[in-house]
Protein chains: 2
Amino acid sequence: MPSHHSARSRRATERKGDVRERAILDTCEALLAQKGYDAMTVGDIAQGAGITRGALYFYFGSKQEVVTALVARTVEHLWERSRATAQTDEPRQAIAAAMQRTVELWNEHGLVMRTAIDLSLTVPEIGELWSHTADLFITAITAVLERAGIQAGTGPEQASAMARALCWMIERTFYHASQESREALQKASSTCEHIWLISAGLIT
Amino acid sequence: MPSHHSARSRRATERKGDVRERAILDTCEALLAQKGYDAMTVGDIAQGAGITRGALYFYFGSKQEVVTALVARTVEHLWERSRATAQTDEPRQAIAAAMQRTVELWNEHGLVMRTAIDLSLTVPEIGELWSHTADLFITAITAVLERAGIQAGTGPEQASAMARALCWMIERTFYHASQESREALQKASSTCEHIWLISAGLIT
DNA sequence: AACAGAATCAACACCATGTTGATTACACTC
DNA sequence: GAGTGTAATCAACATGGTGTTGATTCTGTT
């Protein structure tokens, strides 16, 4: 159990290890795209990063830890992006903006997001990360629904539960579409937006 | 590559191997519930079924093949059940019936269905089985939507695409709820039904 | 120069998968 | 009921990937 991550904070000059760590994560992302999680071996990652397996285990405790770090890095982006988005008052605009942002996120990070979803069950840490991310989205959707006049509350037909279902709809639809093509993703986005609008009672 | 599955059709008296095969699948299902796919080893399955690893490899070519067979067995049930359901003309009734049936399916086979979904990416055969199953549902949902007056067609806001999104919403919502409890499942069902009804324009 | 800690690697131990070849149980023919 | 082919079984092996260890080299600091 290496103590790296605890005190890796600021440092004037970038440590050599930080470069290596980035190289490892980058390679991991590339290999994930090429061969998928199972087929990708620790040796592959090390080789891709230009070091030996042993050296890799100096930075990360296990294969899962590498992927978890990669997911964490990506998820950080999502949060950042979410915060940056201004909260619009008008529900219709808010929905359009949210969907637009989601398309961008999946276009950029679709691969890692899919991997995160796949590993949520088997790697508890990743499950944690992802469910936290989902909660952010669900909260946002809930707010929009309530502003659109949907009754607040936790009953099965009230804002909170509906937001949850809509969130899963978007996740899964984008998950599949992002495997296809950008066009599929765009089309999927339209469909989800449409259902969201209807559910909010904003169109008939 | 054993030739079992090709000519295993009818036989007056049940072969000993058929019993074993069932025992293997049953054990696999139990272990899946206990430890999950990764933690479950071929040795565990064999032991649970009362045979050695070698014997297991006589019946199945690999760990993945065992799980695939288990998924196939379960999915068979789904299809059967789907066929058995009478097609109602009245959309509201059709939707209620479909959701009711879906709750039952997830109550009975939630574990295997979750595993199927998880392994869809990594095990192509399972992906095939599951996507075929999903197509059945999507077709059924499409039919209901059209009967309720949603415009037919493949555009992003027409019946087919909407049905797909609704299907994924149901799949994912039930996937999560079935990990919680029967009550959660029931509540999730209400929410999904509600959104489906709204999307079909049957309630405001 | 000398020391500390960061970084590296070759070699090893371990465990799960899948394979092989030899052996036993079973059903069916004559 | 002896004989024969096929179904079923298993112990032993080969392979390959993971994670560990201990010794060694680099790099910055005083």
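The figures here come from the full heavy-atom set of this structure, side chains too, leaving out hydrogens, waters and symmetry mates. A, B, ... follow the sequence lines: proteins, then strands. Residue 1 opens every chain.
No side-chain heavy atom of A:Phe58 sits under 4.5 Å from any side-chain heavy atom of A:Ile51. Between B:Tyr57 and B:Val42, the closest side-chain pair of non-hydrogen atoms falls below 4.5 Å.
Remark: side-chain polar atoms of B:Ser178 are paired, donor with acceptor, to backbone N or O of B:Tyr175 under 3.5 angstrom. Judged by distance alone, with hydrogens and angles left aside, the side-chain atoms of B:Thr173 form a donor-acceptor pair with the main-chain N or O of B:Met169 at under 3.5 Å.
Rounded to the nearest 0.5 angstrom, B:Met40 CE and B:Lys63 NZ are separated by 5.0 Å.
One interatomic measurement links the two molecules: CZ of A:Phe60 to C1' of D:dT20, which rounds to 18 Å at whole-angstrom precision. Distance CG (A:Leu56) to P (D:dT20): 12 Å, rounded to an integer number of Å. Note: CZ (A:Phe58) to C1' (C:dA7) measures 5 Å, nearest angstrom. D:dT18 atom C1' lies 12 Å from atom CD1 of A:Ile45, rounded to whole Å. Between the P atom of C:dT17 and the CD atom of B:Glu65 lies a distance of 14 Å, rounded to the nearest Å. Atom NZ of A:Lys63 and atom C1' of D:dT18 are 9 Å apart (whole Å). Remark: P of C:dT17 and OH of B:Tyr57 are 6 Å apart, rounded to the nearest angstrom.
Sparse packing is recorded around CD of A:Glu128, with 12 or fewer heavy atoms of other residues, nucleotides or ligands lying under 6.0 Å away.
Of all the residues in residues 28-43 of chain B, not one reaches under 4.0 Å from DNA chain D with any non-hydrogen atom.
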Pairs under 3.5 Å (N/O, protein and nucleotides 10-14 of chain D):
from, atom 1, to, atom 2, distance (Å)
D:dC10, OP2, B:Thr52, N, 3.1
D:dC10, OP2, B:Thr52, OG1, 3.0
D:dC10, O5', B:Thr52, OG1, 3.4

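The shortest heavy-atom contact between A:Gly155 and B:Lys187 is C-CE, 4.2 Å.
In this structure, a donor-acceptor pair under 3.5 Å is absent between the side chains of A:Trp106 and A:Glu171.
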